[in-house]
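Small disclaimer: the values here were computed from a predicted structure and weren't measured. Chain naming here is simple, since letters A, B, ... match the order of the sequence lines and numbering starts at 1 in each.
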Amino acid sequence: MPELPEVEYERKRLQRAMAGARIRDVILRRANLRYAFPSDFVRRLAGQRVRGVARRAKYLLAELGSGDVLLMHLGMSGSFRVVHRNTRERVPDEGRYNLHDHVIFEVSTGAIVVFNDPRRFGFMTLLAPGEVDTHATLGRLGPEPLAPRFDASALAKELRQRRTTLKAALLDQRVIAGLGNIYVCEALHRARLSPLRRASTLTTQAGEPRPALNLLVQAIREVLKEAIRNQNRPGGDDDRFRVYDREGRRCPRRGCGGTITRIVQGGRSTFYCPVCQS
DNA sequence: AACACCCCCTGTCGGC
DNA sequence: TGCCGACAGGGGGTGT
């Protein structure tokens, strides 16, 4: 599931469960997820205090007392669950975990944090102090869409030279960090922009944002903020999205009357309304 | 640079 | 009912 709003949700839960507390122990129930765990993974985590849990794009970063950073990615199917147990109780039996519970953190508060990831596209690793800044992928990430410094001018600089489609450009984490397939579709619909439009056409020759780009920036912010705001409430799973996974339905825009269409771009589904998105 | 294609892995869903 | 392919919200790699 996890795009920026979902990762932010997991961050808050981890922050509540772990911040200020100590990691008593870590149980790895397999040697790898997407990548192998570092051989000293457990040793470097055990006994460490968690200063806080931060998010960058779709990455989670738990800062430890040692200065190490626990870097985590949820991949396509990763999620955490937090079990609160009486601290006097014994460590749970192996048998109480599910098939895809791969990593278990036992926290000094008595909370037990379980990472579950059926597809195992997620990963965890440890970065020494300083490695956060030099990390290949983290270093190349584009701006956070919810950060104040992110605006139409910033996005214009990235899109100006791109001859690729808007859909592909917005999915590129170097252009803007944290959007995924769903929220790109949703933001483009809100901004009434075609996913097939060339990215560079939202800027002037000089690289200044055209009016449509201002609308897009606003749409991206709104879509993400709404998703973050709504994720506590029980899922009206059906009307959560306006276009995503709604092929064949009526466009929800008042007076549009178009039909949501599915196309494939870069091997991934795009949902949009060909009538009001141009 | 950008594209098209491949991979990683498991689960689910629709069609037959 | 079972089988089988298509597809899934992630990223990364290749070759053209």
Side-chain angles (χ1 to χ4, degrees), chain A residues 1-11 29-37 55-61 71-80 97-103 115-125 135-142 145 157-189 195-201 203 207 220 223-224 226-228 230-231 235 237-248 260-272:
Chain A
M1 329 150 45
E3 299 183 26
L4 188 153
E6 293 78 22
V7 178
E8 177 61 17
Y9 179 63
E10 298 289 328
R11 183 197 70 77
R29 303 184 76 236
R30 51 177 301 127
N32 67 290
L33 295 170
R34 178 182 181 133
Y35 309 115
F37 293 99
R55 179 190 59 74
R56 175 75 172 101
K58 300 171 196 169
Y59 294 83
L60 290 167
L61 300 90
L71 179 69
M72 299 174 279
H73 197 288
L74 306 178
M76 202 81 129
S77 59
S79 65
F80 290 94
Y97 296 116
N98 304 323
L99 176 60
H100 299 299
D101 291 343
H102 303 310
V103 186
F115 180 66
N116 181 280
D117 183 7
R119 292 179 75 177
R120 305 204 300 272
F121 289 167
F123 66 85
M124 293 188 190
T125 193
H135 189 270
T137 308
L138 287 180
R140 270 182 258 135
L141 289 173
K157 287 189 183 66
E158 293 295 333
L159 296 183
R160 181 186 176 188
Q161 311 274 17
R162 306 242 168 197
R163 280 178 303 193
T164 188
T165 62
L166 266 181
K167 173 76 186 313
L170 296 179
L171 271 182
D172 188 334
Q173 302 297 298
R174 297 167 302 183
V175 172
I176 176 171
L179 294 180
N181 205 31
I182 291 179
Y183 295 110
V184 168
C185 292
E186 295 295 310
L188 287 174
H189 178 261
L196 297 161
R197 182 162 164 176
R198 287 205 181 286
S200 59
T201 65
T203 77
I220 289 170
V223 163
L224 295 177
E226 267 181 39
I228 289 171
N230 291 338
Q231 60 202 346
D237 223 51
D238 225 30
D239 52 353
R240 216 161 25 133
F241 308 122
R242 297 188 189 172
V243 292
Y244 182 80
D245 203 19
R246 294 181 74 83
E247 183 182 20
I260 305 306
T261 302
R262 174 185 176 270
I263 59 174
V264 175
Q265 295 179 280
R268 314 193 59 192
S269 291
T270 298
F271 298 89
Y272 77 114

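C:dG5 and B:dC7 have their P atoms separated by 15 Å, given to the nearest Å. When the P atom is used for both B:dC9 and C:dC3, the distance is 23 Å, rounded to whole Å. C:dA6 sits 15 Å from B:dC5 when the P atoms are compared, rounded to a whole Å.
Checked by atom type, the side-chain pair A:Asn116/A:Ser79 shows no donor-acceptor distance below 3.5 Å.
As rounded to whole Å, 16 Å separates atom P of B:dC9 from atom CZ of A:Phe123. As rounded to whole Å, 12 Å separates atom C1' of C:dG13 from atom CZ of A:Arg140. Counting to the nearest Å, the C1' atom of B:dC8 and the NE2 atom of A:His102 are 13 Å from each other. Rounded to whole angstrom, the span from the CG atom of A:Leu74 across to the P atom of B:dC8 amounts to 22 Å. Residue A:Ile228 contributes atom CD1, which lies 20 Å from atom P of C:dG9 at whole-angstrom precision. One can place CZ of A:Arg34 at 14 Å from P of B:dT10, the figure rounded to the nearest angstrom. The distance from atom CZ of A:Arg119 to atom C1' of C:dA6 is 12 Å, rounded to the nearest whole Å. B:dA2 atom C1' lies 10 Å from atom CZ of A:Arg198, rounded to whole Å.
Considering only side-chain N and O atoms, A:Arg268 lies under 4.0 angstrom from the phosphate OP1 or OP2 of C:dG9. Taking side-chain N and O atoms only, A:Tyr183 has no distance below 4.0 Å to OP1 or OP2 of C:dG9. Distances shorter than 4.0 Å separate some side-chain N or O of A:Thr137 from OP1 or OP2 on C:dG12. Between A:Thr164 and B:dC3 there is a side-chain polar atom (N or O) within less than 4.0 angstrom of OP1 or OP2. OP1 or OP2 of B:dA2 sits under 4.0 Å from a side-chain N or O of A:Arg162. Distances shown here put a side-chain N or O of A:Ser269 below 4.0 Å from the OP1 or OP2 atom of C:dA8. Residue A:His100 places at least one side-chain N or O under 4.0 Å from the OP1 or OP2 atom of B:dG11.
Taking both residues in full, the closest heavy atoms of A:Pro145 and A:Leu4 are given as CG-CD1, 3.8 Å, listed atom of the first, atom of the second, then distance. Between A:Tyr59 and A:Thr137, the shortest heavy-atom contact is OH-CG2, 3.1 Å.
With both pairing distances under 3.5 Å, B:dC9 is matched to nothing as a Watson-Crick or G-U wobble pair.
Judged by ring centres under 5.5 Å apart and planes tilted less than 30 degrees, A:Phe121 stacks against the six-membered base ring of B:dC8.
Test A:Leu188, A:Leu196, A:Thr201, A:Val184 against A:Leu166 for side chain to side chain contact (heavy atoms under 4.5 Å, CB included) and you get one pass: A:Leu188.
Backbone-only contact: A:Tyr35 has heavy atoms under 4.0 Å from sugar-phosphate atoms and none from a base.
If you check B:dG11, C:dG12, B:dC9 against the side chain of A:Arg120, the one that comes closest is B:dC9. Taking every side-chain heavy atom of A:Arg262 into account, C:dA8 is the closest of C:dG10, C:dA8, B:dT10.
Residue-environment remark: CZ (A:Arg30) exceeds the threshold of 12 foreign heavy atoms within 6.0 Å.
Using cut-offs of 30° and 60° on the angle between ring planes, the pair A:Phe80 and A:Phe115 is tilted.
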